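In what follows, a single structure is set out as structure tokens and then discussed.
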Amino acid sequence: MMVVSRRKYLFSLLVVLLMFSQSIYLPAANAATVQEVDFRSDNYPNNYIEGSKAYDRVVKVSPTVTSYRLHFARIGLANGDRVSVSSSYNSTTQEAGTIYYYSNGGYTTDVWTPWITGPAYVNLITNKDGLTSTGYVIDQIEYNGTSSPNINSAAFFPNSFSSVSNISVYQAPTVSTYGYSSYVTNALNQLDNISNANIGYTNSTSTTAQVRISANNNSALDYFALVQPYDSSGKAINETDSKTWSYATMVLNHGVMTKWGFTASNKQGTVTHEVGHLVSLSHQMNLDANSIMKTGKKNNTTFTSLDISNIQYRW
Ligand SMILES: [Zn+2]
């Protein structure tokens, strides 16, 4: 009996010691959090032309994140190429307020940027030597504070149509010419089918419909697709204006989507994203959010539960 209870005692002591030694290695409660992300430059075209904005990636995090840094799993560059992380976007210099800059040809791995506050613009510039640049992969973000996706009013532009209960939609013949009609119908039906949201649409043959969709085949332009709202005097409405939308155009760029090797799913994802803009959803910039409203080439094709709950909140 004595032996057994001594063993029990020793065992209890061992557990206490293990707990104690483990606690030495526990991070402090306010330590930075590391989150896995996938933020990469893959599918950049070769011979990327400087001055084109589409190939910048913008990193924005929740307002409750006080500082963050990005981890490059790898950077692979041809001679003359460069990767930069900047604090602001400048169409001329491309690298205003440089936070991190890498321009050695070849291959490097496992690099952290310095700590960053505010948005960061990740930019890959490749020269015109005809060589393929493998670009970069950012696989982790470490942040102080808390990270959460943009929800409710924070997920929207400050402006919109006054109602989206029955949007009239005109599709120019070019939409069908380049093969985008079914993607448009699918995306509009997704919106229409969201429960507890007053959203509907009617196809129109009038070129003065509320939404006017067209497609082009211009690979020299720097966008996959875009939505531009206008006021009642036909003036383009800026993202931050508080005006009511009178009508909006949506342009789908078949040329750039082809250049970037878009699959049917990638195209559907882009059209769904643009249709999200039509109901005033702005970009969901948090890297950790699961949303069709994030920028870039998309692998998902539908509004996520986050997007749907935001749409239900607004409409
Ligand atoms: Zn967008």
Side-chain angles (χ1 to χ4, degrees), residues 37-41 43-44 52-61 89 91 119-123 149-151 153-161 164 167 169 175 178 180 183-184 186-188 190-191 194 199 210-216 218-219 221-230 236-241 245 247-260 262-263 265-304 306-308 310-311 314-315:
V37 296
D38 187 357
F39 200 58
R40 59 180 66 214
S41 63
N43 301 306
Y44 275 70
S52 178
K53 196 176 171 181
Y55 310 124
D56 294 316
R57 299 297 178 90
V58 187
V59 182
K60 282 187 189 169
V61 292
Y89 180 77
S91 60
Y121 298 77
V122 183
N123 195 2
N150 291 335
I151 61 164
S153 60
F156 289 87
F157 297 127
N159 47 58
S160 68
F161 287 119
V164 292
I167 311 165
V169 178
V175 177
Y178 295 115
Y180 288 81
Y183 303 127
V184 169
N186 177 304
L188 289 169
Q190 284 185 51
L191 272 186
I194 295 173
I199 301 177
Q210 263 180 297
V211 169
R212 306 162 194 182
I213 307 176
S214 64
N216 66 40
N218 192 342
S219 62
L221 299 176
D222 66 356
Y223 59 87
F224 302 140
L226 52 85
V227 163
Q228 175 63 59
Y230 294 85
I237 295 174
N238 192 284
E239 265 189 30
T240 54
D241 289 348
W245 300 7
Y247 65 96
T249 56
M250 179 194 294
V251 183
L252 306 170
N253 190 335
H254 180 62
V256 172
M257 288 197 252
T258 302
K259 187 160 103 179
W260 282 51
F262 270 41
T263 63
S265 293
N266 299 144
K267 289 176 183 175
Q268 182 64 66
T270 292
V271 174
T272 306
H273 171 102
E274 296 308 319
V275 163
H277 284 320
L278 286 181
V279 292
S280 196
L281 277 170
S282 60
H283 286 146
Q284 179 64 256
M285 292 298 196
N286 289 313
L287 288 174
D288 52 334
N290 180 18
S291 169
I292 196 79
M293 298 313 296
K294 290 202 282 193
T295 56
K297 189 175 179 179
K298 280 146 205 51
N299 293 316
N300 52 335
T301 58
T302 57
F303 292 108
T304 65
L306 169 65
D307 301 325
I308 290 170
N310 280 330
I311 289 167
R314 175 67 180 82
W315 300 107

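Quantities reported herein were computed from a predicted structural model and do not represent experimental measurements. Atoms within a ligand are numbered from 1 in the order they appear, just like the ligands themselves.
- With no hydrogens or angles considered, no side-chain donor-acceptor pair links Thr270 and Glu274 at under 3.5 Å.
- Annotation: protein N, O or S atoms under 2.8 Å of the Zn ion (ligand 1) (waters excluded) comprise His273 NE2, His277 NE2, His283 NE2.
- Here the closest heavy-atom approach between residue Met293 and residue Asp307 is recorded as CG-OD1, 4.1 Å.
- In this structure, Thr272 contributes its side chain and Thr301 its backbone to a donor-acceptor pair below 3.5 Å.
- For Phe262 and His254, the ring centers are positioned 6.0 Å apart or more.
- Under the rule for a ring-ring contact (aromatic ring centres under 6.0 Å, His included), Phe303 has no partner lying at least two apart in sequence or in another chain.
- When each of Gln268, His283, Gln284, Lys294 is checked for a side chain to side chain donor-acceptor pair (under 3.5 Å) with His273, only His283 meets the rule.
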